[in-house]
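Below is one structure, written out as structure tokens, with a few remarks after it.
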Amino acid sequence: MSAGPADPRWSDWQPLAGYPAVTAEVLAETVDGGQAFRWHAQPDGTWFGQWSEIVATLRLGADGRVAWRCPAGSETRTAAALATYFGTDADFPALTDALPWRTDAHLARCLRDFPGLRILRQPFGETLLGFLCSATKQIVQIKQMQELLAARHGAPVPGTGGAFRRLPTWPELAACTEAELRACQLGFRARYIWETAQFVAARPDWLRETETLPYPEAKDRLLGLPGVGEKVADCVLLFGAGRLEAFPVDVWILKTLGRRYALDGWKPPQLAQFGRAHFGPLAGLAQQFLFAWERRHG
DNA sequence: TATGGACCTGCACAG
DNA sequence: AGAGGCAGGTCCATC
């Protein structure tokens with residue numbers, strides 16, 4: 001279903017600068033653990049991913065270093081886009097060290113088990129689209145929706161001979177019918193996405209402004225969109241705007257806080273408050289480690 | 001302010 | 001093999 005990386009001519013492999021050595025599991029958890037929905041494991045063990053007008057393949061070396069390649073000719077902009085996307089200018093070791101792991105044995109264990117795990121910085125609008133699709137869906141199915149949307153309603157990525165398609169932009173989504181969206185396996189989410197598209201497409205600066213507003217205001221604005229509740233708003237701000245204070249409470253966090261922090265029976269709003277109070281201003285980063293750990297061990 | 005059911009539908013997983 | 005149920009949430013009606 002997805003466009004394979006075999007078609008165009010590819011650049012040489014280049015090291016992903018500023019990125020730590022990681023295990024295969026941590027790399028998988030980073031790109032395919034629920035933050036992003038357009039990375040696909042290839043038969044040869046590489047990862048093929050797309051965002052915005054970027055197409056890239058990732059390869060993990062025996063030394064744990066990540067290398068990348070892209071369609072020939074797009075090396076410069078891909079290198080810059082990768083730096084943003086993987087947050088290589090952010091000091092994640094320092095951020096992670098600032099989490100309260102010294103007084104939280106479970107968090108310490110999560111950090112130890114997923115060294116190098118980090119928060120991606122994805123395009124804001126695409127992140128919104130991805131998480132509008134996510135309600136009561138598993139990652140595999142969300143990925144199928146994204147690929148159908150890209151294949152049927154997204155523009156070809158320039159300079160790659162039409163081999164790849166980007167996700168539709170919000171104006172492009174606004175031009176679709178709800179039925180067309182529904183046909184991309186969106187189910188009841190189609191109405192949310194269609195209505196959100198009408199709203200956003202009529203306000204050209206709205207997304208860009210929302211991305212840069214302080215967290216509380218940005219979240220309020222997102223919560224006004226159909227299909228965007230607390231969890232989706234926090235995911236969009238965490239994974240699409242670098243707001244590390246955003247603390248999405250999904251079923252995994254519900255489960256892990258209940259089990260590992262003796263908060264069984266607490267409701268999501270209470271847990272969100274606990275998260276902010278206990279994990280502090282980088283609660284969203286802590287959340288990612290707890291989430292990864294619970295998915296593997298829970 | 002707090003529950004509970006409806007909303008689409010593809011697919012994992014018992015039996 | 002294939003019927004019935006659930007799934008990484010939100011909304012709305014009804015206490």
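Keep in mind that what you see is a predicted model, and the values were worked out from it rather than measured. The sequence lines fix the lettering, A, B, ..., with proteins before strands; numbering per chain opens at 1.
- Contact annotation for A:F131: no contact, since no heavy-atom pair falls under 4.0 Å across all strands.
- Under 4.0 Å is where a charged nitrogen must lie from a carboxylate oxygen, and between A:D32 and A:K143 at least one such pair does.
- In this structure, A:L186 atom CG and B:dC7 atom P are separated by 18 Å, rounded to whole Å.
- Aromatic ring orientation, A:F86 versus A:Y19: perpendicular (interplanar angle above 60°, classes split at 30° and 60°).
- In this structure, A:E180 atom CD and B:dC8 atom P are separated by 18 Å, rounded to whole Å.
- A:G130 comes within 4.0 angstrom of nothing in the nucleic acid, heavy atoms only.
- Contact between the side-chain N/O atoms of A:Q144 and the OP1/OP2 oxygens of B:dC11 is found at a separation under 4.0 Å.
- Aromatic ring pairs are classed by plane angle as parallel below 30°, tilted from 30° to 60° and perpendicular above 60°; the pair A:W293 and A:H106 is perpendicular.
- Annotation: of the two residues near DNA chain B, A:V140 and A:T136, the 5′-most nearest-nucleotide partner is A:T136.
- Distance check, rounded to the nearest 0.5 Å: CG of A:L254 to OG1 of A:T256 gives 10.0 Å.
- Note on A:R189: a base of the nucleic acid sits closer than 4.0 angstrom, heavy atoms only.
- In this structure, A:K137 atom NZ and B:dC8 atom P are separated by 12 Å, rounded to whole Å.
- Looking at residues two or more places apart in sequence or on another chain, you find a side chain to side chain contact (heavy atoms under 4.5 Å, CB included) between A:E209 and A:D205, A:R221.
- With both ends at atom P, the span from C:dG9 to B:dT1 equals 24 Å, rounded to whole Å.
- Using P as the reference atom, C:dA3 and B:dC8 are 23 Å apart when rounded to the nearest Å.
- Protein atom CD of A:E195 is 12 Å distant from nucleotide atom C1' of C:dT10, rounded to whole Å.
- A:L181 places its CG atom 16 Å from the C1' atom of B:dC7, with the value rounded to the nearest Å.
- Taking the six-membered ring where the residue is Trp, A:F48 and A:F164 present tilted rings, their angle falling between 30° and 60°.
- Note on A:G187: a base of the nucleic acid sits closer than 4.0 angstrom, heavy atoms only.
- Put simply, CG on A:L254 is 12 Å from P on C:dA7, counting in whole angstrom units.
- Using P as the reference atom, B:dG10 and C:dT10 are 22 Å apart when rounded to the nearest Å.
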Both distances under 3.5 Å, Watson-Crick or G-U wobble: on that basis, could you give the dot-bracket string for DNA chain C, with [ ] for crossing pairs and | for other-strand partners?
....|||.||||||.

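- The nearest whole Å value for the distance from the CE atom in A:M145 to the C1' atom in C:dA7 is 10 Å.
- Across all strands shown, A:L225 has heavy atoms under 4.0 Å from sugar-phosphate atoms exclusively, and none from any base.
- The same atom, C1', is picked in C:dC6 and in B:dG5; the two are 15 Å apart, to the nearest Å.
- If you chain together hydrophobic residues whose side chains sit under 4.5 Å apart, A:L244 and A:L213 never meet in one group.
- Atom CD1 of A:I193 and atom P of B:dC8 are 13 Å apart (whole Å).
- Stacking of the aromatic ring of A:F188 onto the base of B:dC8 is not found under the criterion of centres within 5.5 Å and planes under 30°.
- A:K231 comes within contact range of the sugar-phosphate backbone alone, with a heavy-atom separation under 4.0 Å but no base atom that close.
- Between A:E53 and A:R77, no side-chain nitrogen of the basic residue sits less than 4.0 Å from a carboxylate oxygen of the acidic one, so the salt-bridge criterion is not met.
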